[in-house]
2 protein chains.
Amino acid sequence: MKGRRRGADLEAALLEAAWTELTERGYSGLTMEGVANRAGTSRPVLARRWNDKAELAIAAIRQQMAKHLMAVADRGDLRTELLEYLELASTRAKGIAAVFTLFSSEYFQDTSSTPQDLRTALLAGGKETLRALLDRAVERGEILEQNLAPPVDTLLGVLFRHHVLMTFSPPPEALRTAWVDRIFLPLVKGHKEES
Amino acid sequence: MKGRRRGADLEAALLEAAWTELTERGYSGLTMEGVANRAGTSRPVLARRWNDKAELAIAAIRQQMAKHLMAVADRGDLRTELLEYLELASTRAKGIAAVFTLFSSEYFQDTSSTPQDLRTALLAGGKETLRALLDRAVERGEILEQNLAPPVDTLLGVLFRHHVLMTFSPPPEALRTAWVDRIFLPLVKGHKEES
DNA sequence: ACGTCAAGATACATCAATGCATCTTAATAA
DNA sequence: TTATTAAGATGCATTGATGTATCTTGACGT
């Protein structure tokens, strides 16, 4: 036996269980009872910490975001780093899809309980990581700052997120490469000499 | 009083009510009772026609798709038609978002009751309209067939859908123009002379 | 005008999830 | 060791939505 868990240890375990349930069953299939069972405990233990499943799910998501943060090292080459970025993001596809089921369920609700900061943090989704990566490329002289104007700078994130939401699965390697080589790089490398 | 509705009339009215409820409350907020009330009738009337809310929602969506089909006339200019396409799509943003709440709710469910054909039809989302529009532009010689290879051809639809799913609102005109002028047209008009 | 059938109203049981109270027991601090 | 606190188990009432049976009544065909 592993004995009885307490305090922070227990809380982390509960949030892990909640996250697993969320990714396996989606937000609509998430229940306090299900989480309690998976965590090997009972509902009152959950009820003492979170008021409803929205709070629980949000806390679980926060824990996941804190646990793995996206990081792409400087490889000296933009294309390499972009592909790495997309590959890394792909490993989180299921989670991203699951998280989105929460937003779609809660959005229309009277009690739109989703905190705005979490919402934007998730919809941005590793925006900073991508941005940092692009800024490095600008400094290297690989691309022009002016080609990274608003709708273009986040394009890869958009393509990725869209694919995940439509298919609930990560984009295959060939598709990621096509995004980079046939869409993104042509746009940011394109000569911009017109008046 | 308007008297008692029957048969096909009644059914159409029920599906209208269901659609309204779906767009106002989302799939998670959709209830048989809510639809019955809005339609000015009672639950048994609904129960005689559809077994659960998934069936009802799907039927309601089908009716909407049949009612307004997207059509963009030949304007002789690709850019004009693309903007018109996006503008037309924007009027349906709320509905698209609502429909997607159904998929996110049902996807993880054991009874993944969403018919595959409807799913693909919706995820494609006016793909044929856009395709027809692009083919006309190719025939006019405005763009090159070879520049419409897979990840590029559906790009505008992707951008649009992503925006709707992220914000649950239609993209403003300025953004739609940016998509067309700064992303899509540069890609499809781009000279492709490299080896 | 009459008969048939479905619309619409009403009532009741059910089911899943939850809120909450209670009780036992293990872990930790003193 | 002992007191305290929270973990974990259990039971019960409640709530929201649904399934379903029954009954009345309006619409339509003949």
Interatomic distance where CD belongs to E55(B) and P belongs to dT18(D) [whole Å]: 13 Å

Rounded interatomic separation in angstrom, taking CG from N37(B) and C1' from dG16(D): 14 Å

Greater than 12 external heavy atoms within 6.0 Å of R131(B)'s CZ: yes

Can you pull every protein N or O that's under 3.5 Å from an N or O on nucleotides 17-19 of chain C?
| residue | atom | partner | partner atom | Å |
| --- | --- | --- | --- | --- |
| dT18(C) | OP2 | M32(A) | N | 3.1 |
| dG19(C) | OP1 | N51(A) | O | 3.3 |
| dG19(C) | N7 | R43(A) | NH1 | 3.3 |
| dG19(C) | O6 | R43(A) | NH2 | 3.4 |

Chi angles and distances behind the salt bridge (charged side-chain N to carboxylate O under 4.0 Å, His left out) call for R140(A), D77(A): CA-CA 9 Å; R140(A) 268 187 224 120; D77(A) 176 60; over 6 Å; no

Nearest heavy-atom neighbours spanning A57(B) and L30(B):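 Minimum heavy-atom separation between A57(B) and L30(B): CB-CD2, 4.0 Å.
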
Please confirm whether the backbone N or O of [Y] pairs with a side-chain atom of [X], one donor and one acceptor, at under 3.5 Å?
{"X": "E142(B)", "Y": "L78(B)", "answer": "yes"}
{"X": "T80(A)", "Y": "R75(A)", "answer": "no"}
{"X": "T31(B)", "Y": "G34(B)", "answer": "yes"}

Between Q63(B) and E11(B): side-chain donor-acceptor atoms closer than 3.5 Å: no

Residue pair Q109(B) / S105(B), side-chain donor-acceptor N/O under 3.5 Å: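 Per modelled atom types, Q109(B) and S105(B) side chains form no pair under 3.5 Å.
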
B/S/- contact track for nucleotides 3-8 of chain D, protein heavy atom under 4.0 Å: --BBBB

